[in-house]
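Right, one structure below, let's go through it.
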Amino acid sequence: MDQIRLTGIRAAGKHGVLDFEHERAQTFVVDATLSLDLAPAGRSDALDDTVDYGAIAKGIVAIIEGEHADLIERLAARIADMILQYPAVQRAEVTVHKPNAPIVVPFDDVSVTVERFRETGRAESADTHHAIIAMGGNQGDVLSTLRDAVRCIDGLDSTQVTGISPLYRTDAWGMPTGTPDFRNAVVSVNTKLTAPELLAGLQRIEASHGRVRTDHWTSRTLDLDIIDFDGIVSDDPDLTLPHPRAWQRAFVLGPWLALDPDAELVGAHAGSVAQLLFESSDREHINELAEDWMVADDAAASPVTGSCHEEPASLQTGSGQHRIESLARSRRAVISMDSPSTDAERRFRKAIVSIDGIPGNQVEGISPLYHVSQLDGKPDNMAAVMQISTRMGAAELITVLGSIETSVGGSLDLDLVDMEGVVSDEPNCQVPWPTARNHAAVLAPWLDMDPDARLGGDPVSFLLAMAPDTSQVGLLTDNWIIGDTL
Ligand SMILES: Nc1ncnc2c1ncn2[C@@H]1O[C@H](COP(=O)(O)OP(=O)(O)OP(=O)(O)O)[C@@H](O)[C@H]1O
Ligand SMILES: Nc1nc2c(c(=O)[nH]1)N=C(CO)CN2
């Protein structure tokens, strides 16, 4: 991450354990490193897009000159907390030196360093609920209505869409012959709303998309049903859980299964969604249209047959833990590798071999090896990226990368940069990896490996062109894999 560094800020303060230190001011010297994204300011040249280091320096002096602290640890923590009050700052590293400390032997300096991070993770707590919502419609521009509905659901208070099923074309079920086909999909959400609050939100979304409620099933622009909410069973007619007809509807079960191959329905018709789908009478009357219907412009315009379209990730969590996803079909994933070790190449090779050795994984591409200069006195890095096809889910792959880092030995960082069809901002599973967007150390090797690469819809070439650290990154060798065993 980009950094702003202030060094040698000095002021006199009355800090220390000894009595005289409460009375007599002495010099304290502070170094502070602020980690934040400087790309916006790099583009706009506007102070508002960064942090005013002058203001930080004054804040540090005010703390040194302010309230007494016995320990320089406390002083450093106060300064770090002050720095993190600036919303753009993600991390603060603060060193407080006390060069005139009352130490009875000759010495040059004594200092403490603290490192503090902004709490970014929306830590999942007991009040986070998991819900499955079925979506359908057969009137108007259904594709854009469904796309908009997903965005609106994600926009509900404290609600995040965590998984989106493929889009299906389905025969109108239980409706007169001649009723236009439906488009159906299922989304999973994490929400802090209660089930009735979520239903009220969904009904507002239906209404804002022209849904007119009638007594009987009729064609509709948009229908949003809660299929499951935390596995609760309730026969309240205003909100029956699970949805009372979900168990027999292939237009719900099919997309749900594609989203989560291990999905289970609770209640009177409890069972695996796979089995219920198999038993459903309309299972032959649903057709998957497109998996990437939320992004592709012409998604679902024509049925996708026999092409490589895959289930999107299901990033649901169960019982507060990441469920290991096991998906039937492969998807592409891009993994970055970096290491400050002089032995980096060998570590990268070991990591590649380990990843490739996992059943269902296949290495498809390896970038050239890059050198990354560090400006902050830290040792320079080596970096490369690899592309694999994998049957693992994103959360599972991230966990595996962590174990490989450990088994290969320290000083190796493996990150899941991107995974086909996966978008997640779960604290432990951020895909695409947000920092990759402005890191030439990832973007440059990736572009070399795949000139058409895209990240979050943007061409990697375009992101690299805007990356603030391109001048620090240089190609070392094209054929670093050749000549050694993989
Ligand atoms: N799990 C649920 N999800 C959505 N609505 C529910 C649920 N359980 C009960 N309801 C109630 O059902 C009523 C009718 O809902 P809606 O108009 O969406 O039905 P429908 O779509 O015509 O039929 P179906 O529910 O069979 O799909 C709503 O007012 C709502 O209070
Ligand atoms: N294929 C299909 N058929 C239906 C649907 C639907 O969403 N898709 N919804 C209904 C009542 O909500 C009744 N019938």
Side-chain angles (χ1 to χ4, degrees), residues 129-143 145-147 149-150 152-153 156 159 165-189 191 193-259 263 265-270 273 276-277 280-289 293 300 303:
H129 308 287
H130 307 281
I132 299 292
I133 298 167
M135 318 168 64
N138 70 341
Q139 267 188 340
D141 182 352
V142 180
L143 176 60
T145 301
L146 293 181
R147 280 178 175 166
V150 175
C152 291
I153 293 170
L156 290 172
T159 302
S165 80
L167 182 69
Y168 283 71
R169 190 209 57 73
T170 65
D171 289 354
W173 180 86
M175 291 181 168
T177 316
T179 305
D181 292 345
F182 275 74
R183 297 290 181 274
N184 286 102
V186 157
V187 296
S188 57
V189 299
T191 183
L193 298 177
T194 62
E197 286 169 343
L198 179 61
L199 181 63
L202 298 181
Q203 290 179 343
R204 284 196 304 276
I205 297 170
E206 287 176 341
S208 68
H209 289 85
R211 169 71 184 272
V212 180
R213 217 166 275 283
T214 55
D215 285 347
H216 302 293
W217 291 344
T218 49
S219 289
R220 66 270 315 271
T221 50
L222 179 64
D223 185 30
L224 300 174
D225 291 334
I226 303 180
I227 301 303
D228 178 86
F229 191 93
D230 280 348
I232 292 171
V233 178
S234 160
D235 56 8
D236 177 351
D238 288 335
L239 180 49
T240 310
L241 290 170
H243 189 281
R245 289 165 289 282
W247 65 275
Q248 55 184 166
R249 294 179 163 178
F251 65 83
V252 171
L253 301 168
W256 189 6
L257 184 69
L259 176 63
L265 189 76
V266 295
H269 300 278
V273 169
L276 292 167
L277 176 64
S280 64
S281 59
D282 59 327
R283 68 177 186 283
E284 303 294 342
H285 300 274
I286 65 168
N287 292 303
E288 185 180 318
L289 279 183
W293 59 282

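In each ligand, atom 1 is the first atom listed, and ligand 1 is the first ligand listed.
Near Gln203, meaning under 4.0 Å from one of its heavy atoms, ligand 1 places the atoms 28 (C), 29 (O), 30 (C), 31 (O). Annotation for ligand 1: atoms under 4.0 Å from non-hydrogen atoms of Asp223 are 18 (O), 21 (O), 27 (O). Of all the atoms in ligand 1, the ones that sit under 4.0 Å from a non-hydrogen atom of Arg249 are 24 (P), 26 (O), 27 (O). With ligand atoms numbered from 1 in the order given, ligand 1 contributes 9 (C), 10 (N), 11 (C) to contacts under 4.0 Å with heavy atoms of Pro237. Those atoms of ligand 1 with a heavy atom of Thr240 less than 4.0 angstrom away are 1 (N), 2 (C), 7 (C), 8 (N), 9 (C). In summary, the atoms of ligand 1 found under 4.0 Å from a heavy atom of Arg211, numbered by their order in the structure, are 16 (P), 17 (O), 18 (O), 21 (O), 22 (O).
The closest side-chain heavy-atom distance from Ile133 to Leu198 is below 4.5 Å. Looking at heavy atoms from C-beta onward, Phe251 lies out of side-chain contact with His285 at the 4.5 angstrom threshold.
Applying the side chain to side chain contact (heavy atoms under 4.5 Å, CB included) test to Ser219 and every residue at least two apart in sequence or in another chain returns Asn138, Gln139, Thr179, Pro180.
Pro242 and Leu265 make their closest contact through CB-CD1, 3.9 Å (heavy atoms, listed as atom of the first residue, atom of the second, distance).
Taking CG from Leu239 and CZ from Phe229, the interatomic distance works out to 8.5 Å, rounded to the nearest 0.5 Å. Taking CG of Leu156 as the start and CG of Leu202 as the end, the distance is 6.5 Å to the nearest 0.5 Å. Taken to the nearest 0.5 Å, the CD1 atom of Ile153 stands 5.0 Å off from the CD1 atom of Ile205.
Within the 4.0 Å heavy-atom shell around ligand 1 one does not find Pro242.
Closest to atom 25 (O) of ligand 1, if we only count protein heavy atoms, is His243 NE2, 2.9 Å. The single protein non-hydrogen atom nearest to atom 23 (O) of ligand 1 is Trp217 NE1, 3.2 Å, given as residue, atom name and distance. What sits closest to atom 20 (P) of ligand 1 on the protein, heavy atoms only, is Arg220 NH1, 3.9 Å. For atom 15 (O) of ligand 1, the nearest non-hydrogen atom of the protein is Arg213 NH1, 3.5 Å. Of the protein's non-hydrogen atoms, the one nearest atom 10 (N) of ligand 1 is Asp238 O, 3.5 Å. Looking at atom 3 (N) of ligand 1, its nearest protein heavy atom turns out to be Ile226 N, 3.1 Å.
Inclusion of Leu241 in the set of residues having an N or O under 3.5 Å from an N or O of ligand 1 is not warranted. Ligand 1 has an N or O atom lying under 3.5 Å from an N or O atom of Asp225, backbone or side chain. Looking at Arg245 next to ligand 1, an N or O pair under 3.5 Å apart turns up.
Between the side chain of Arg245 and the main chain of His243, no donor-acceptor pair closer than 3.5 Å is present. A donor-acceptor pair under 3.5 Å links the side-chain atoms of Arg211 to the main chain of Leu222, judged by distance alone. Side chain of Asp228 to main chain of Ala131: no donor-acceptor pair is present (N/O by atom type, distance under 3.5 Å, no hydrogens or angles). Between the side chain of Ser165 and the main chain of Ala258, no donor-acceptor pair closer than 3.5 Å is present.
Just one of Asn184, Asp181, Asn287 meets the side chain to side chain donor-acceptor pair (under 3.5 Å) condition when paired with Thr170; it is Asn184.
Shown here, atom 13 (C) of ligand 1 is out of close reach of the protein: none of its heavy atoms lies under 4.0 Å off.
Residue-level proximity to ligand 1 for Leu199 is carried by the side chain, the only part with a heavy atom below 4.0 angstrom.
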Step-by-step salt bridge (Lys or Arg N to Asp or Glu O under 4.0 Å) determination, Arg249 to Asp282: CA-CA 7 Å; Arg249 294 179 163 178; Asp282 59 327; over 6 Å; no
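Counting heavy-atom neighbours within 6.0 Å of Asp236 CG, excluding the residue itself, gives a total above 12.
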Find all protein N or O atoms under 3.5 angstrom from an N or O atom of ligand 2 and list the pairs with distances, or write 'none'.
residue	atom	partner	partner atom	Å
ligand 2	1 (N)	Thr170	OG1	2.6
ligand 2	1 (N)	Asp171	O	2.6
ligand 2	3 (N)	Trp173	N	2.9
ligand 2	7 (O)	Asn184	ND2	2.9
ligand 2	8 (N)	Asn184	OD1	2.9
ligand 2	12 (O)	Arg220	NH1	3.2
ligand 2	12 (O)	Asp223	OD2	3.0
ligand 2	14 (N)	Trp173	O	2.8

